[in-house]
Structures are given as C-alpha cells and as structure tokens.
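Structure record follows, encoded as structure tokens.
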Amino acid sequence: MLEKEENGFHKLEAKKFEKIKTSIYNSSDDASLHVARQIAELVKDKAAKGEYAILGLATGSSPTRVYDYLIQFHKEEGLSFKNVITFNLDEYYPMDPKSLQSYVRFMKEHLFDYIDVESKNINIPDGTLPLEEIKAYCHNYEAKIQSYGGLDIQLLGIGRTGHIGFNEPGSSINSRTRLIRLDQVTRLDAASDFFGNENVPSRAITMGVGTIMEAKKVYLIAWGEGKANVIKESVEGEVKASLPASFLQKHNNCEFIIDTAAAGQLTRIKTPWLVEECVWTEKLITKATIWLANKLSKAILKLTNEDYNEYGMGSLIAEYGSAEEINLKVFNILQRTITGWPGGKPKVDDSTRPERAKPFPKTSVIFSPHPDDDVISMGGTLLRLVDQGHDVHVGYQTSGNIAVFDDEVLRFLDFTREVIDNDAANEQLSDAIRKVKENIKKKKPGQVDSLEIQNFKGLIRKGEAKAACRYCNVKEENIHFLNLPFYETGTVRKKPIGEEDVEIIYQMLSKIKPNQIFAAGDLSDPHGTHRVCLDAIFRAVKQLKEEGAEWIKETYVWLYRGAWQEWDIFDIEMAVPIGPRDLMRKRKAIFKHQSQKDEAMFPGHDKREFWQRAEDRNHETAAEYNRLGLPEYEAIEAFVRWKF
C-alpha cells in the first residue's frame with residue numbers, strides 16, 4: 001500500500017470512496033495531540049488579535065487525551081485560555097451538576113479545573129431546569145452562540161448509532177439546541193457509567209445538527225475497532241437522517257481524525273486494491289485472498305485467475321503468474337497457524353509452527369484484565385497448556401469489583417452471618433456485615449460503592465477466579481491477584497496508567513521469568529480496562545528488554561481477544577482447535593464466575609451471556625477456516641503474536 005508515516009500520521013494517497021476529509025493516525029495519542037495543537041493554535045491566534053476563541057466541546061472517552069494535552073500546553077508552554085469561550089454539546093436531563101455522571105463534573109475534572117478559563121465563559125446545558133423552561137433556555141443557548149459569531153471549532157465524538165452530540169437517528173440537518181429522547185442503543189452504551197441501564201436518563205439536552213453545521217471547523221474524533229463500522233458508513237455512505245454523522249459530508253470544513261483501528265473498515269484500509277495499485281506484501285496477499293474467497297463463497301484453492309482479475313487484483317496475478325501459486329501460498333500460511341500444542345510440541349521440527357518445541361515444558365503466564373477474561377477468552381487453550389504439562393500462572397490484573405450486583409454481596413453476607421451468629425469472637429465481623437448492609441440499603445442508583453462494599457465485591461470475584469483455576473487444575477500458588485491501582489476508583493472511569501501499575505507487572509514477570517505471556521489484546525473493550533492493562537504489560541516487557549534481561553529475549557507474547565470481538569483471519573498467527581469435550585470444560589470454568597452468570601453488570605449491546613458469546617465466536621472462527629478449505633474443527637481460539 002502506498003503509505004507514508006509522518007509524526008504518527010498514517011496516509012494513503014488515493015481516497016476515492018471517502019466523502020469527508022479523513023486523517024488516520026497510528027495511535028489515538030498521536031491523533032489527540034494533533035487536534036490539541038490545532039485548538040491551541042486557534043486560541044493563540046485569536047489572543048494575538050484581541051479576540052475570543054469560541055470552542056464547542058464534547059464529553060466521553062474520546063476527547064480526554066485532547067484535554068490532557070491542552071492542560072499540558074497550559075502548564076508547560078504558558079497557553080492561556082483567558083480569551084476562550086466554551087459551549088458544550090450536551091447534558092443528560094435531568095442531571096445534578098455534582099452527580100458522578102454529570103457533564104459539568106466531567107468537564108471540570110478533565111479540563112476546566114486545570115486551566116485558566118473564566119467560569120463566566122463556560123457554557124454547558126443545564127440539566128436542572130424545570131421542564132417548562134427548557135424550550136426558552138435552548139433558544140437562548142443558540143442565541144448566545146450566535147452573539148459571538150458562531151463556533152470557531154466544534155469537537156465531536158461519534159456514537160454507535162452515528163449520533164453527534166445527542167442528535168439521535170432521525171434528527172434533522174436543520175435541528176437546533178433542544179430536549180431529545182435518547183436512543184436505546186445510546187442508553188445501553190451509557191449503562192456502565194450509571195451502574196445499570198435502568199439508571200440512565202431517557203432524555204438529554206443537545207446542541208442541534210444545524211448548530212454544529214454552522215461551526216467554522218469541525219473535528220470528529222474516533223478510536224478503536226468498535227467505531228470502525230459507523231465511521232465507514234459516515235464517510236463513505238449516503239447522507240441520511242438515520243445516521244446523523246453523515247450530514248457532515250455537507251460541511252465545507254470538516255475533518256475526521258481517527259486511529260488505525262477505527263479506520264479498519266474504510267475501503268482504502270480494508271481493501272486497498274479496490275482503490276489503487278498496491279505493493280503486494282505477504283500480509284496484504286493473505287488479506288486479499290481471504291477477502292476474495294469470502295466474497296465469492298469459495299475455498300481458497302478454488303480461486304481462479306479470472307476471480308482475481310475481476311476484483312481488482314490483476315496486478316497480483318501479473319506479479320505471481322497464476323492463481324494456483326497464490327492460493328497455495330495463502331493456504332499454507334493459514335494451515336501453519338493451526339496447532340493443538342499452544343506451548344509447542346516437543347521433539348518435532350518447529351520451523352513452520354507458531355510456537356517453539358523447546359523448552360518443554362514451558363512456564364506460561366496468562367494475564368486476565370478482569371477475573372474471568374482468562375477462561376472466557378482462552379479457556380480452551382488454558383486447559384490445553386495445563387493438560388500438556390506446562391507450568392501455568394494466571395495474573396488477574398484488576399479486582400473486577402464494579403461488575404458485581406449488590407444482591408450478590410447481600411447473598412454472601414447472609415451466608416456469612418448464619419455461620420458466625422453463634423460465635424461471640426466474630427462480633428467485629430458481624431459489625432462489618434451490618435455496616436455494609438446499611439450502606440447498600442442507603443445507596444442511591446448510580447452512587448459509588450463505599451470502600452467496604454468495593455472490598456466485598458472484590459472478594460466475591462476473587463473467590464470465583466480461584467474456583468475456575470482449581471477446575472482447570474492451575475496450582476493455587478500460581479494464581480496471582482495483582483489489583484492494579486489504576487482500576488480501584490469504584491467507578492467505570494479509571495485513573496491513568498501509572499508507574500505503580502507497571503511495577504507490579506514488572507515484578508511478577510521478573511520473578512516468574514515466563515517463556516510465554518498471554519495477554520488480552522482486545523482494544524474494543526467498551527470500558528477501556530483491557531486497553532490499559534495491555535499497556536501496563538507492554539511497558540513492563542519493554543523495561544525488562546531495555547534493562548537487558550536475557551530471558552525476556554526468548555519470551556513469546558501472544559495476544560487474545562476478549563468477549564467483544566475476534567481477530568480477523570488474516571491476522572491470526574496461532575489457531576488452537578478446541579474439541580467438544582474441552583469446549584464443555586471451558587464452559588464449566590466460565591460458570592464458576594457465578595456473579596457474572598445470567599446477567600452481567602455491563603453487558604454492552606450484546607445480550608448473550610459471556611459463555612454463549614465465547615462459544616459462538618469460537619464456533620465461527622472454526623467455520624471460517626473450514627469455509628476457506630481448511631480442516632473442520634468444533635471450535636478455535638485465536639492469537640496474534642506481539643513482536644516487541
């Protein structure tokens with residue numbers, strides 16, 4: 001692919017399918033820095049002219065790094081916000097500004113408390129107004145924006161429904177600031193912030209699409225695979241009210257700023273051979289051949305020269321000479337990913353196998369961001385590693401305490417109370433149980449748990465994780481509860497990764513010196529915990545390498561996916577077949593996590609239980625291999641190797 005990389009910027013020259021200027025960055029951090037620089041330049045230019053910079057601001061996880069950089073510019077470069085007037089896109093209704101979920105609180109905690117913007121210049125929709133006053137308030141909000149000459153820059157995120165602000169599907173391109181009813185998908189996505197879908201407000205006050213369209217410059221930012229489909233629809237699809245972000249195609253100065261993961265479905269990334277001539281690397285050949293086979297519902301070895309020519313890959317045929325040669329090359333690549341020996345098969349030629357034959361047995365560390373990701377995502381492989389005699393360690397990176405329902409705590413407390421009622425020596429424990437019960441009774445919907453409740457919930461998940469490990473025959477001394485500090489906020493919103501988090505991972509690895517590391521590479525995790533946990537592992541491994549630890553040079557790092565998404569077939573480097581017996585064992589291991597059974601606290605948009613998602617995904621991966629002409633297996637767990 002004719003790509004360039006400049007300062008983390010990922011470019012491709014031809015963009016004939018795209019109807020909005022779209023810039024792709026290698027990471028969300030690089031992209032956020034770019035946007036922050038553009039905002040900073042505007043603020044400085046306006047200040048030099050003695051004018052106000054009028055900013056439209058967004059909330060949510062996407063803009064937080066942009067705000068971090070603006071704070072950094074203020075503290076380290078002297079950027080002043082005295083000449084800045086802000087208008088936020090939206091706010092839930094009703095909403096107390098001091099509430100944990102309030103966008104007033106969000107903006108204070110993520111930006112306003114750390115810069116010198118004047119409070120009189122901050123405008124955020126008021127979620128406390130009586131219903132009868134909202135219409136007039138919205139009219140005045142619009143008038144105030146216009147009185148300053150409109151927005152100079154509007155920063156946007158994008159929801160899975162394609163909403164911008166809270167302009168849900170069906171919103172008009174001419175709509176103005178108003179009270180709106182939230183889409184069910186939007187409410188489900190917000191459920192984690194409110195500790196349950198039933199606590200999410202059904203309405204919000206939002207700036208209108210028409211207001212956004214009048215901004216002089218619009219930046220829409222999006223990160224991760226979870227946004228890839230809606231980005232493609234918005235950028236390449238038709239303009240339609242059912243996808244409000246698509247209206248931005250009609251804006252004369254709009255730019256989508258996205259990372260490579262969010263760009264994954266764009267034509268120039270997913271199928272670049274349909275855009276222009278490509279440099280045919282082995283990876284791209286594999287990707288294109290698999291795409292073509294799926295497009296035509298053919299096994300790889302059945303593809304013809306005509307098939308390749310018809311779908312824009314004539315240059316590939318010209319370069320390699322025949323479809324047969326390409327087909328065999330890709331078939332062999334896929335076949336070599338399949339192994340029933342995830343720890344390596346002893347006493348065999350391992351030159352074409354994903355894992356090394358030696359040493360055998362290996363020491364394997366499986367990192368699990370939450371206390372159940374290990375068995376949900378790679379339970380079959382975990383069982384296989386133990387069965388084949390490897391020394392398997394499991395490191396649970398977080399307590400997972402926020403994902404436990406209050407009823408679970410009460411159930412365990414009632415059991416404990418029955419056990420200790422007649423034991424006077426346990427009076428102190430009885431008092432603690434009473435205190436926790438009272439706290440739960442007094443707790444309001446969406447309120448953060450007290451430290452005592454958090455601790456009890458953490459213990460529940462710890463007990464379940466140990467039960468699952470016992471079932472899988474993992475040695476008790478090999479079960480490690482790391483409780484990384486970044487997670488322990490009691491809310492979905494976590495602290496940034498810190499040196500203390502990295503040090504905990506570093507110390508565990510230094511002590512165990514594993515030959516293999518398995519880690520969750522699921523960047524679509526809607527809560528971001530997987531993303532942060534992976535970063536902590538990467539940083540610890542890089543530190544060990546920089547310090548010259550000899551053992552780390554021979555360590556393989558394998559990445560698995562969580563419950564939300566599987567690797568694409570062309571990315572998979574190790575595919576572990578799981579037979580019916582082991583698939584049932586995996587299911588039983590997942591069932592040990594009883595607090596997550598039947599209904600999870602944060603299920604996302606998928607209503608299936610975690611074991612069902614895992615099995616369906618494993619079945620589908622096996623079926624896809626089979627459709628491509630590979631052997632038919634019951635199920636497959638997939639891994640990609642991180643080559644650090």
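Atom set for the values below is all heavy atoms of this structure, side chains included, hydrogens, waters and symmetry mates excluded.
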Please list, one pair per line, the donor and acceptor atoms closer than 3.5 Å that link side chains of residues 48-63 to other protein atoms, with sequence neighbours excluded.
residue, atom, partner, partner atom, Å
Glu51, OE1, Lys46, NZ, 3.3

For atom NZ of Lys283, decide whether the heavy atoms of other residues, nucleotides or ligands shown that lie under 6.0 angstrom number more than 12. yes

Less than 4.0 angstrom from a charged side-chain N to a carboxylate O is my criterion; do Glu546 and Arg539 meet it? no

Might you confirm whether atom CD of Glu547 has over 12 heavy atoms from other residues, nucleotides or ligands at distances under 6.0 Å? yes

Looking at Tyr69, is Arg65 sitting on its ring face, NZ or CZ under 6.0 Å from the six-membered ring centre and within 45 degrees of the normal? yes

Is the Phe518 to Tyr560 ring centre distance short of 6.0 Å? no

With no hydrogens and no angle check, is any side-chain donor or acceptor of Asp501 less than 3.5 Å from a backbone partner on Gly498? yes

Is any side-chain N of the basic residue among Glu77 and Lys44 closer than 4.0 Å to the acidic one's carboxylate O? no

Is there a donor-acceptor pair closer than 3.5 Å between any side-chain N or O of Glu236 and the backbone N or O of Thr267? yes

N-O pairing of Arg268 and Glu276 below 4.0 Å: no

Side-chain H-bond candidate by donor/acceptor type, Asp116 with Ser80, under 3.5 Å: yes

So ring pair (Phe, Tyr, Trp, His ring centres under 6.0 Å) across residues 532-555, not counting sequence neighbours, yields Phe538-Trp642

